[in-house]
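In listed order, ligands and their atoms are each counted from 1. Because the structure is predicted, anything quoted here is derived from the model rather than measured.
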Amino acid sequence: MQRVVIHVDMDSFYAAIEERENPDLRGKAVVVCMFSGRSELSGSVSTCNYVAREYGIKSGMPCSMAKKLNPAAVFLPVRKAFYKTVSDEIMELLREYADRGNDTKSSNGSNGVNAIYSGPAPIFEQVSIDEAFLEVTERTGGDFEEALELGMQIKDEILEKERLTCSVGIGPNKLIAKMASSVQKPDGITPVRPGDVSAFLGPLKLTKLWGLGGVTAEKLQERGIETIGELAAHDVMELISAFGKKRGVWLKQAAAGIDESPVRDKEGSEQIGRIATLPEDTRNSELIYPLVDRLIEDLIAKLDARALTFRVVTLTAINSGFRMHTKSRTLSHAASDREVLRQTAREILEVFLEENKEELRRIGVRVGGLQKKKGQTSLFDY
Ligand code: TTP
Ligand code: MG
């Protein structure tokens with residue numbers, strides 16, 4: 001069957017969350033900064049919204065330069081822990097769209113080893129805080145029209161549930177899906193069918209090739225190679241003698257759009273979180289506990305469905321002034337029990353309310369340090 005992979009990348013992620021949380025920001029240039037604290041605007045830009053990008057503002061640029069480019073822009077400090085809870089929710093939602101592995105299905109890894117996916121784990125890979133790959137070959141029957149439909153559903157659900165937009169790339173492998181998602185941004189969806197791969201890659205600048213570092217790009221440019229198409233046409237032996245066997249072969253294959261790497265979760269890195277708004281701003285734990293319990297019910301259901309244990313519990317609280325606090329506790333043993341989670345979350349909340357005197361507006365619970373329950377087969381059995 002034709003392989004189909006979807007890549008999802010959220011649009012101006014941190015800035016879009018800030019805009020969602022504060023409607024006053026709509027239509028304005030919004031710049032999210034990692035302030036160093038040395039002086040008012042010292043630090044660098046984490047990201048900015050698309051209005052700010054029109055002024056030439058970019059990730060990584062000094063905040064002071066961004067201010068010169070657009071003095072009217074709104075500059076906000078990063079709230080990474082909060083963005084992480086939003087990310088967790090999006091990843092949970094995306095997982096539902098990925099194929100499920102099963103005992104009988106095997107897929108060829110890039111090293112030629114047969115990876116047997118066991119259990120009902122989704123074939124899903126989170127790449128960064130706002131990006132993920134989904135294997136959708138089974139679900140779509142290898143059909144790109146079905147995949148396009150699925151991509152639209154994903155976009156609709158994220159917009160409806162999270163009020164955020166994303167860009168989706170669809171391809172016959174991870175490399176193409178990843179590169180396709182960046183073609184139409186923001187709020188785009190781009191399928192690149194197997195027959196269109198060379199036409200898609202060929203004209204692109206070398207530096208657009210996913211996984212190609214700046215140093216390698218420079219060396220290739222010294223050889224007169226400017227586009228991915230030119231790289232694909234280059235003599236493989238020459239690439240091998242310049243970059244070594246592994247890298248040389250990779251360059252040749254990647255430029256031709258060949259990539260057999262499997263979609264797979266990095267075990268241990270995943271967290272599952274839920275966040276919700278309280279019926280009213282409050283410090284009354286009698287009002288807060290029922291909401292925390294509801295979030296916990298949800299988390300336990302997710303953990304049970306995938307036979308996972310947790311070791312870290314994190315509580316997130318956003319106060320009425322939109323300031324955000326997080327507090328974590330690491331357990332001495334892996335746990336999967338609802339009562340353990342409830343008890344731990346309550347203890348953290350009590351300490352938190354002791355230390356902070358403001359009213360709370362939203363509350364989130366997150367579990368991390370996830371592992372398969374003992375006695376269950378692990379994600380990949382070779
Ligand atoms: P990206 O997906 O690279 O950027 P983005 O989502 O802001 O914008 P785009 O629409 O182009 O996808 O990165 C995701 C988040 O990671 C981004 O919102 C902020 C953070 N980030 C940094 O903190 N520093 C950086 O240099 C980059 C590139 C991203
Ligand atoms: Mg993004």
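For Phe13, there are no ring pair (Phe, Tyr, Trp, His ring centres under 6.0 Å) partners two or more places apart in sequence or in a different chain. With sequence neighbours left out, Glu131 forms a salt bridge (charged side-chain N to carboxylate O under 4.0 Å, His left out) with Lys178.
A cation-pi arrangement is found for Arg346 relative to Tyr289, the charged atom lying closer than 6.0 Å to the ring centre and inside a 45° cone about the ring normal. Remark: Lys174 qualifies as a cation-pi partner of Phe133 under the 6.0 Å distance and 45° angle criteria applied to the six-membered ring.
Between the side chains of Glu260 and Asn173, not a single donor N or O lies within less than 3.5 Å of an accepting N or O. Side-chain polar atoms of Glu238 and His234 form a donor-acceptor pair below 3.5 angstrom. Asp99 and Thr137 are not linked by any side-chain donor-acceptor pair at a separation below 3.5 angstrom, with hydrogens and angles left out of the test.
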*Before giving the answer on side chain to side chain contact (heavy atoms under 4.5 Å, CB included), spell out for Lys84 and Asp88 the whole-Å C-alpha distance, their side-chain angles and the decisive distance to 0.1 Å.*
CA-CA 6 Å; Lys84 183 76 184 68; Asp88 288 345; 2.7 Å; yes
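Of the charged side-chain nitrogens involved, none lies within less than 4.0 Å of a carboxylate oxygen, so that Arg139 and Glu146 do not count as a salt-bridged pair.
Listed by chain and number, Asp9 OD1, Met10 O, Asp130 OD2 are the protein N/O/S atoms closer than 2.8 Å to the Mg ion (ligand 2), with waters left out.
For ligand 1, the protein residues placed under 4.0 Å by at least one non-hydrogen atom are Asp9, Met10, Asp11, Ser12, Phe13, Tyr14, Ser46, Thr47, Tyr50, Arg53, Ser59, Asp130, Lys185.
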